[in-house]
Amino acid sequence: MGIEKISWGNLMNYLEVSQALFEVASRSSRMLVLSHANPDADAIASILAFQRVFASDSRTVDVAIGPGTIPATLEFLPDLDRIQLIGDLETHEYDLLVLLDCADEGRTGEVGEQIVIELGKRITVVNIDHHVTNREFGDLNIIDPEAAATCEILTLLFEANNVEIDSELATILLAGVQGDTLGLRTPSTTGRTLDVSADLLYAGADLHTIVDYLFRVRPFSTIKLWGQVLYRVSMHGPLVWTEITPEMLEAAGADESEGEGIVNFLAGTAGARAAALLYQKPDGWRVSMRSLADDVDVAELAGLFGGGGHSRAAGCSLEAGIDARNRFLDIVADRIALSPASAD
Ligand code: 5GP
Ligand code: MN
């Protein structure tokens, strides 16, 4: 599988970086693998896949995420109980640190960022990611913005090194790809994404279960939350937006991760040029942004507020309070408004 495939434009690169990765990993006996706060399918699947491939009798691989809950939509994945919160790690005695799906150290949360900085002073840091805004903070940076998901990159790296991908590992990797591409529907989906998905299907990935869990089956609390959140939706100029407050979560009996799909749904609003979902938290707002308009780059907009991401999906954080929220809405609405000259 894989290695004969000459349709991959950067196969040579993948061979080289894969060799570099496996060489660094072979020298490790205690590895820490991290992904970001408010983890999504790609974040969770990446660290689980990494653990499967690199853990052995002679190598411990701890996996952890920044603050947030593991979405219920991922409960079909194996080994979820192995995932720790970065803040709960009992030791920091590692000889290799790997960050997956993190554009910068801060994506692992405040505690995570401190740990990454501390460990980075004495051990090798590997950074594997597909965000165009990645800051290349590692010693070994494997950044492929052409990839639709970090799990697409991992599949290519594993294939280049002839790792045997069994059906469970294939399901994990395909879940990450499906999650970040909304079921191979985002513009980030390429021929290579389809090739990788096909490889994973041939390896026995359970696409049916992935699609049911990620895109169809939802707890009743999620339906109740969506009802409240969509009830509050409004247009601020060309920006369609809504918010999730702690009261709404409590009334629905839902956790924050259950609001995950709302912003993608809103992005399809006819006449809107971008969508924003604002999560109200004690220490400020977490913002999720999406756009379907070719000339609206939400990573750039999120960048105005210290965030980042991809041109179609990005996020940032704001300080607490209604004023900060309204300022964000005004600035974004203003930036994405079609000027009379550019409207056709
Ligand atoms: P989501 O809206 O699904 O949380 O995030 C969309 C995309 O933007 C993801 O690729 C995520 O990694 C990125 N993103 C979300 N929030 C932030 C942030 O605060 N900073 C950066 N650099 N990227 C973010
Ligand atoms: Mn991702």
Side-chain angles (χ1 to χ4, degrees), residues 21 24-25 27-129 131 137-138 140 149-151 153-154 158 168-169 171-173 175-176 179-180 213-214 254-258 260 279 281-283 286 315 317:
L21 171 66
V24 170
R27 282 187 259 125
S28 165
S29 59
R30 181 120 211 211
M31 199 187 281
L32 177 61
V33 182
L34 303 179
S35 195
H36 56 78
N38 309 305
D40 54 13
D42 195 32
I44 297 292
S46 297
I47 58 176
L48 290 177
F50 215 83
Q51 187 181 49
R52 281 197 167 229
V53 170
F54 291 102
S56 69
D57 291 343
S58 56
R59 186 181 307 114
T60 311
V61 177
D62 286 350
V63 290
I65 48 169
T69 39
I70 298 176
T73 50
L74 299 178
E75 69 188 17
F76 67 99
L77 289 176
D79 306 336
L80 285 181
D81 56 335
R82 296 192 189 163
I83 298 176
Q84 309 181 59
L85 286 176
I86 294 174
D88 295 343
L89 289 170
E90 276 170 14
T91 174
H92 297 161
E93 293 309 308
Y94 296 100
D95 56 18
L96 184 68
L97 174 64
V98 181
L99 269 76
L100 301 176
D101 205 40
C102 292
D104 57 60
E105 298 99 316
R107 296 285 293 136
T108 57
E110 259 172 58
V111 179
E113 184 169 16
Q114 287 315 309
I115 293 174
V116 175
I117 291 169
E118 273 311 303
L119 286 177
K121 289 179 187 155
R122 53 189 173 85
I123 63 175
T124 303
V125 177
V126 177
N127 167 19
I128 305 179
D129 185 29
H131 293 94
F137 52 83
L140 173 59
T150 297
C151 280
I153 302 177
L154 292 184
F158 297 160
E168 281 203 350
L169 177 57
T171 297
I172 293 169
L173 289 163
D180 263 16
Y213 272 83
L214 289 187
D255 70 53
E256 199 180 294
S257 73
E258 298 182 54
E260 212 53 53
Y279 298 79
K281 323 255 281 188
D283 53 346
R286 177 167 80 84
S317 296

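These numbers come from a predicted model, not from an experiment. In this chain, residues are counted from 1 in sequence order.
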Check your understanding: Does the R59 side chain pair with the main chain of A25, one donor and one acceptor, at a distance under 3.5 Å?
Key -> yes
Review point. Would you say the side chain of L97 lies within less than 4.5 Å of the side chain of L34, judging by non-hydrogen atoms?
Key: yes
Exercise for review: Find out whether T171 and F76 are in side-chain contact, i.e. whether some heavy atom of one side chain is under 4.5 Å from a heavy atom of the other.
Suggested key: yes
Check your understanding: Going by an N to O cut-off under 4.0 Å, is there a salt bridge joining E113 and R107?
Key -> no
Check your understanding: Can you find a pair of side-chain heavy atoms, one from V98 and one from L32, that are under 4.5 Å apart?
Key -> no
Study note, to complete from the structure: Separation between CG (D104) and NE2 (H131), nearest 0.5 Å, reads 10.0 Å
Check your understanding: Between I128 and D101, is a side-chain contact (heavy atoms from CB on, under 4.5 Å) present by the stated rule, with each step listed?
Key -> CA-CA 6 Å; I128 305 179; D101 205 40; over 6 Å; no
Check your understanding: Does the side chain of L173 come within less than 4.5 Å of F158's, by heavy atoms?
Key -> yes
Check your understanding: Passes side-chain contact (heavy atoms from CB on, under 4.5 Å), L99 versus D129? Steps please.
Key -> CA-CA 8 Å; L99 269 76; D129 185 29; over 6 Å; no
Exercise for review: Under the side-chain contact (heavy atoms from CB on, under 4.5 Å) rule, what do L100 and F50 come out as? Steps first, then yes or no, please.
Suggested key: CA-CA 9 Å; L100 301 176; F50 215 83; 3.9 Å; yes
**Study point:** Rounded distance [0.5 Å steps], CD1 in I172 versus CG in L154
**Key:** 11.0 Å
Review point. Is T91 reaching over with its side chain to a backbone N or O of E93, donor-acceptor style, under 3.5 angstrom?
Key: yes
Exercise for review: With the side chain counted from C-beta on, respond yes when L119 and V125 share a heavy-atom pair under 4.5 Å apart, and no when they do not.
Suggested key: no
Review point. Which heavy atom in C102 sits nearest to a heavy atom in N127, and how many Å separate them?
Key: O-OD1, 3.8 Å
Revision key, fill the gap. d(L214 CG, E260 CD) to nearest 0.5 Å is 11.0 Å
Check your understanding: Are any of the side-chain nitrogens in D62 or R82 under 4.0 Å away from the carboxylate oxygens of its partner?
Key -> no
Exercise for review: Mind listing the closest non-hydrogen atom pair of C151 and G176 along with its distance?
Suggested key: SG-CA, 3.8 Å
**Study point:** L48 and L80, any side-chain heavy atoms less than 4.5 Å apart
**Key:** yes
Review point. With a 3.5 Å cut-off and no angle check, do the side chains of N38 and S257 form a donor-acceptor pair?
Key: no
Point to revise | Residue pair I47 / A64: nearest heavy atoms and the distance that separates them | key: CD1-O, 4.1 Å
Revision key, fill the gap. On a heavy-atom basis, the closest approach of P67 and G109 is CD-CA, 4.1 Å
**Study point:** Within-4.5 Å side-chain heavy-atom neighbours: T108 and I65
**Key:** no
Check your understanding: Looking only at atom types and distance, does a side-chain atom of Q51 sit under 3.5 Å from a main-chain N or O of V61, one as donor and one as acceptor?
Key -> yes
Exercise for review: Inspect the contact between D79 and R52 and indicate whether a charged nitrogen and a carboxylate oxygen are less than 4.0 angstrom apart.
Suggested key: yes
Point to revise | S35 side chain vs I44 backbone, donor-acceptor pair below 3.5 Å | key: no
Point to revise | Any side-chain heavy-atom pair of D95 and R27 under 4.5 Å | key: no
Point to revise | Criterion side-chain contact (heavy atoms from CB on, under 4.5 Å) on V33 and M31, from CA distance to verdict | key: CA-CA 6 Å; V33 182; M31 199 187 281; 4.1 Å; yes
Study note, to complete from the structure: Correct closest heavy-atom pair for S58 and S29 would be O-CB, 3.7 Å
Check your understanding: Can you list the steps and then say if E256 with R286 is a salt bridge (charged side-chain N to carboxylate O under 4.0 Å, His left out)?
Key -> CA-CA 11 Å; E256 199 180 294; R286 177 167 80 84; 3.0 Å; yes
Study note, to complete from the structure: CD1 (I86) and CD (Q114) are apart, to the nearest 0.5 Å, by 12.0 Å
